[in-house]
Amino acid sequence: MTNPEIAAVFDQVADLLEFQGANPFRVRAYRNGARAIRDLAESAAEVIADPHRELTGIAGIGKDLAGKVTTLVETGTLPMLDELLAEIPTSVLAILRVPGLGPKRAAVLYRELEVTDLDKLREACEAHQVRALKGFGAKTEAAILEGLEIAAQGDKRTYWAQADQIVAAILEHFAGCEAIEKIEPAGSYRRGKDTVGDLDLLAVARDPAAVMDRFAAFPSLKQVLLRGDTKMSIRLLTGLQADLRVVPAESFGAALQYFTGSKEHNVVLRGKAKDLGLKVNEYGVFRGDEQVAGATEEEVYAAIRLPWIPPELREARREFEWAEAGRLPELIELADVRGDLHMHTSWTDGIDTIEEMATAAKARGLKYVAITDHSKRVSMAGGLDGDALRRQWADVDEANDAMRGIRILKGVEVDILEKGGLDLDDDVLAQADWVVASVHYGQRQPREQITRRVIGALQNPYVCAIAHPTGRLLNQRTSYEIDLDAVLKVARDEGKMMELNAHPSRLDLDDVACAAAKNYGVPIVISTDAHNINGLGAMRYGVLQARRAGLTKADVANTRAWAELKKMLRRS
DNA sequence: GCCGTTTTCGGCCCGACTGTTTTCAGTCG
């Protein structure tokens with residue numbers, strides 16, 4: 001069983017235990033365990049197989065969970081989960097997605113009204129059975145009816161890139177607001193997560209009520225969910241929820257830290273504060289009643305004897321270990337990127353010409369680009385065969401002659417065929433400056449087969465990198481079954497690179513996988529996969545993801561000049 | 001269920017808001 005699968009089992013156990021009203025700390029232990037396994041750089045199976053290592057060496061995995069991981073790896077099932085599922089149908093878990101319904105009330109609905117899914121919940125509300133329950137009322141019943149729609153949507157999250165536009169619109173909306181002194185986005189948006197569940201905004205204001213009135217007048221607002229003295233939540237037309245907090249200036253840093261999260265990061269931070277005899281909340285750091293920090297984030301971290309930690313790293317992974325050792329990585333920045341090595345043109349499914357793409361890239365400050373159109377197997381995109389590719393490369397030569405200040409590389413995105421092997425002959429690939437290989441077909445193949453295909457591609461002497469290595473599309477398609485750990489090892493041994501595809505809906509390798517690649521010493525290439533000149537702007541999303549992985553300039557190959565990058569490639 | 005140079009038991013982050021309450025539980029982040 002793979003790490004994500006093991007993690008999913010633990011998460012489901014946590015959901016079911018929570019529904020049962022189990023000890024919340026026990027529930028948390030399962031969720032922590034799920035996270036620990038998901039974030040692991042190598043497969044749990046491998047740790048078990050290694051006689052020098054123990055699963056219990058992983059923070060968050062104790063004796064019990066180690067046993068359960070072993071059971072899952074060996075048998076693929078967990079008796080405990082089967083027992084829980086025999087008691088509770090999984091459909092009830094959908095009830096927990098209704099805003100305002102948590103485990104306690106969901107359990108009451110299940111017990112008292114035999115509500116086992118969202119349809120039955122709607123019936124019970126419409127029959128006014130819910131308001132009769134102890135602890136419920138007419139308002140709660142109405143709120144549940146309204147929330148059913150959101151629950152039915154599942155847990156679709158908003159792409160970071162989309163959230164970014166909304167944040168910009170909100171900040172613009174407040175730009176002329178006199179009542180506000182300062183406003184900043186926090187939450188998973190600030191941490192640069194690939195998708196965000198909701199938006200958190202933080203303000204310092206002379207007149208909080210006026211700020212909230214302004215918030216209520218945001219053009220794409222659908223409804224005000226709640227409004228208190230310092231906190232207000234709205235739902236936008238897209239369904240996204242946005243929370244605004246108004247805090248005193250002397251608490252701004254503490255609040256920014258608090259609402260940036262992650263929750264897990266904050267739990268660790270507060271634990272450390274406690275060890276120092278301090279208390280941290282969104283108003284500041286306190287020793288007894290005395291506030292010792294709070295105006296800035298730097299101050300808050302300093303009070304806990306830590307350097308300021310970049311938001312992208314605040315996931316309770318390794319950032320505290322690094323911070324305490326004074327070894328926080330100097331994270332890559334957009335300005336470090338010198339080339340873009342994956343893009344398409346009008347030769348296949350792109351819109352713009354080679355020259356237009358190169359011109360736009362140059363305007364963005366890049367020094368080189370690789371034109372990597374599809375190979376012939378990708379017929380839907382009008383993929384190129386060897387002859388067509390050679391004709392395109394003649395075009396590239398011409399464009400290079402015509403242009404100054406940017407180098408255009410002859411590249412290709414060669415398809416990894418279903419049966420294994422590549423869609424173009426080696427003699428063609430040998431003439432390319434840069435070759436990325438990727439899977440487009442047979443994405444549902446079993447793990448061994450698809451892993452073998454990708455490893456085979458890495459072993460081809462002319463392939464430089466694997467593009468979008470897991471094939472995931474956020475909110476749309478999960479990654480294909482691939483043994484990434486095995487792939488990374490081959491990449492390391494073959495001296496190859498792995499792509500971090502910067503497209504807002506892809507962003508794979510993801511942050512965890514990029515960190516794993518770094519562990520193996522496999523260079524990452526951040527590429528836009530642009531299909532038109534605007535697509536080149538996606539680079540910053542990729543950089544953000546790389547920062548979340550803790551990558552520095554040195555870890556990303558396309559921060560180097562092309563001549564240097566070329567030397568890193570072991571091509572025969 | 002995890003964790004521990006103060007602990008192998010007794011902790012486990014903390015506060016705002018709402019609705020249903022007569023003082024608080026549940027939910028959320």
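We name chains A, B, ... by the order of the sequence lines, and we start the count at 1 in each one.
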Euclidean distance, atom [atom1] of residue [X] to atom [atom2] of [N] [Å, nearest integer]:
X: A:Met232; N: B:dG15; atom1: CE; atom2: P; result: 24 Å
X: A:Arg227; N: B:dC28; atom1: CZ; atom2: C1'; result: 20 Å
X: A:Glu146; N: B:dT18; atom1: CD; atom2: P; result: 15 Å
X: A:Phe136; N: B:dT21; atom1: CZ; atom2: C1'; result: 15 Å
X: A:Leu133; N: B:dG26; atom1: CG; atom2: P; result: 14 Å
X: A:Arg131; N: B:dG19; atom1: CZ; atom2: C1'; result: 14 Å
X: A:Leu65; N: B:dC2; atom1: CG; atom2: C1'; result: 8 Å
X: A:Leu96; N: B:dG29; atom1: CG; atom2: P; result: 13 Å

Inset, instruction - For A:Leu226 and for A:Gly102, find the nucleotide of DNA chain B with the closest heavy atom, then tell me which residue's nucleotide is more 5'. - result: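 Comparing both residues, the 5'-ward one is A:Leu226.
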Inset, instruction - Could you check A:Arg105 against A:Arg26 and say which one's nearest nucleotide on DNA chain B is further toward the 5' end? - result: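 Of the two residues, A:Arg26 wins.
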Going by distance alone, is a donor N or O of one side chain under 3.5 Å from an acceptor N or O of the other, for [X] and [Y]?
X: A:His265; Y: A:Glu315; value: no
X: A:Glu282; Y: A:Gln257; value: no
X: A:Asp508; Y: A:Thr470; value: yes
X: A:Arg190; Y: A:Thr260; value: yes

Inset, instruction - Would you mind telling me which of A:Val115, A:Leu121, A:Asp119 makes a side chain to side chain contact (heavy atoms under 4.5 Å, CB included) with A:Asp117? - result: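 Passing option: A:Asp119.
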Legend entry - Candidate list A:Thr552, A:Leu488, A:Val556, test side chain to side chain contact (heavy atoms under 4.5 Å, CB included), partner A:Lys518, passing option: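 Among A:Thr552, A:Leu488, A:Val556, the one that satisfies the side chain to side chain contact (heavy atoms under 4.5 Å, CB included) with A:Lys518 is A:Thr552.
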Please give the distance between the [atom1] atoms of [N] and [M] as a whole number of Å.
N: B:dT8; M: B:dG4; atom1: C1'; answer: 8 Å
N: B:dA16; M: B:dT23; atom1: P; answer: 22 Å
N: B:dC2; M: B:dT7; atom1: C1'; answer: 14 Å
N: B:dT20; M: B:dA25; atom1: C1'; answer: 9 Å
N: B:dT21; M: B:dG10; atom1: C1'; answer: 32 Å
N: B:dC28; M: B:dC13; atom1: C1'; answer: 14 Å

Describe the nucleic acid contact of [X] in one word from base, sugar-phosphate, nothing, applying a heavy-atom distance below 4.0 Å.
X: A:Arg28; result: base
X: A:Val247; result: nothing
X: A:Asn266; result: nothing
X: A:Ala143; result: nothing
X: A:Ser233; result: nothing
X: A:Pro99; result: sugar-phosphate
X: A:Val268; result: nothing
X: A:Lys272; result: nothing
X: A:Ala255; result: nothing
X: A:Leu101; result: sugar-phosphate

Inset, instruction - Measure from NZ or CZ of A:Lys489 to the centre of the six-membered ring of A:Tyr520, then state whether that distance is under 6.0 Å and the direction lies within 45° of the axis. - result: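 Cation-pi check for A:Lys489 and A:Tyr520: fails.
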Legend entry - Cation over ring face, A:Arg31 and A:Phe10, 6.0 Å, 45°: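 A:Arg31 over A:Phe10 ring: no.
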Legend entry - Any A:Lys68 side-chain N or O less than 4.0 Å from OP1/OP2 of B:dG1: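 True: A:Lys68 side-chain N/O within range (under 4.0 Å) of B:dG1 OP1/OP2.
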Inset, instruction - For B:dT18, take OP1 and OP2 only and decide whether either is under 4.0 Å from a side-chain N or O of A:Thr140. - result: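 No, A:Thr140 has no side-chain N/O under 4.0 Å of OP1/OP2 on B:dT18.
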Taking the side chain of [X] as its heavy atoms from C-beta onward, which of [options] lies nearest to it?
X: A:Lys279; options: B:dG29, B:dT27, B:dG15; answer: B:dG15
X: A:Arg270; options: B:dC17, B:dA16, B:dC14; answer: B:dC14
X: A:Asp64; options: B:dG1, B:dG29, B:dG15; answer: B:dG1
X: A:Asp243; options: B:dT20, B:dG1, B:dG29; answer: B:dG29
X: A:Lys139; options: B:dT20, B:dT27, B:dC12; answer: B:dT20
X: A:Arg245; options: B:dA16, B:dT20, B:dC13; answer: B:dA16

N/O-N/O pairs, protein side and nucleotides 6-11 of chain B side, under 3.5 Å:
none

Legend entry - Minimum heavy-atom distance A:Gly261-A:Asn266, with the two atoms named: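 That would be CA-ND2, 3.7 Å.
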Legend entry - Pairs involving residues 223-254 of chain A, ordered by first then second residue, that meet ring-ring contact (aromatic ring centres under 6.0 Å, His included) (sequence neighbours left out):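 The answer is none; no pair qualifies.
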Legend entry - ring-ring contact (aromatic ring centres under 6.0 Å, His included) partners of residues 57-104 of chain A, not counting sequence neighbours, each pair once: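 Sorted pair list comes back empty.
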Inset, instruction - Would you kindly check whether a donor in the side chain of A:Tyr258 faces an acceptor in the base of B:dG15, or vice versa, at under 3.5 angstrom? - result: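 Per atom types, no contact qualifies.
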Legend entry - Minimum side-chain heavy-atom gap A:Ile6-A:Arg38 below 4.5 Å: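 No - every pair of side-chain heavy atoms lies 4.5 Å or more apart.
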Legend entry - Sidechain N-carboxylate O distance under 4.0 Å for A:Asp511, A:Arg317: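 Looking at A:Arg317 together with A:Asp511, the answer is yes, because their closest N to O distance falls below 4.0 Å.
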Legend entry - Base partner of B:dT8, which must satisfy Watson-Crick or wobble distances under 3.5 Å: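 Partner of B:dT8: none found under 3.5 Å.
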Inset, instruction - Please test A:Tyr110 against A:Phe19 for ring pair (Phe, Tyr, Trp, His ring centres under 6.0 Å), starting from the C-alpha separation and ending with a verdict. - result: CA-CA 10 Å; A:Tyr110 175 60; A:Phe19 186 80; 5.5 Å; yes
Inset, instruction - Output every pair passing salt bridge (charged side-chain N to carboxylate O under 4.0 Å, His left out) with a member in residues 62-79 of chain A, not counting sequence neighbours, ordered by first then second residue. - result: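 For residues 62-79 of chain A, and leaving out neighbouring residues, the salt bridge (charged side-chain N to carboxylate O under 4.0 Å, His left out) pairs sorted by first residue read A:Asp64-A:Lys68.
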Legend entry - Residues in contact with DNA chain B, drawn from residues 71-79 of chain A - heavy-atom cutoff 4.0 Å: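 Output list: empty, so none.
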Legend entry - Stretch residues 298-314 of chain A: residues that reach within less than 4.0 Å of DNA chain B through a heavy atom: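 Hits under 4.0 Å, by residue number: none.
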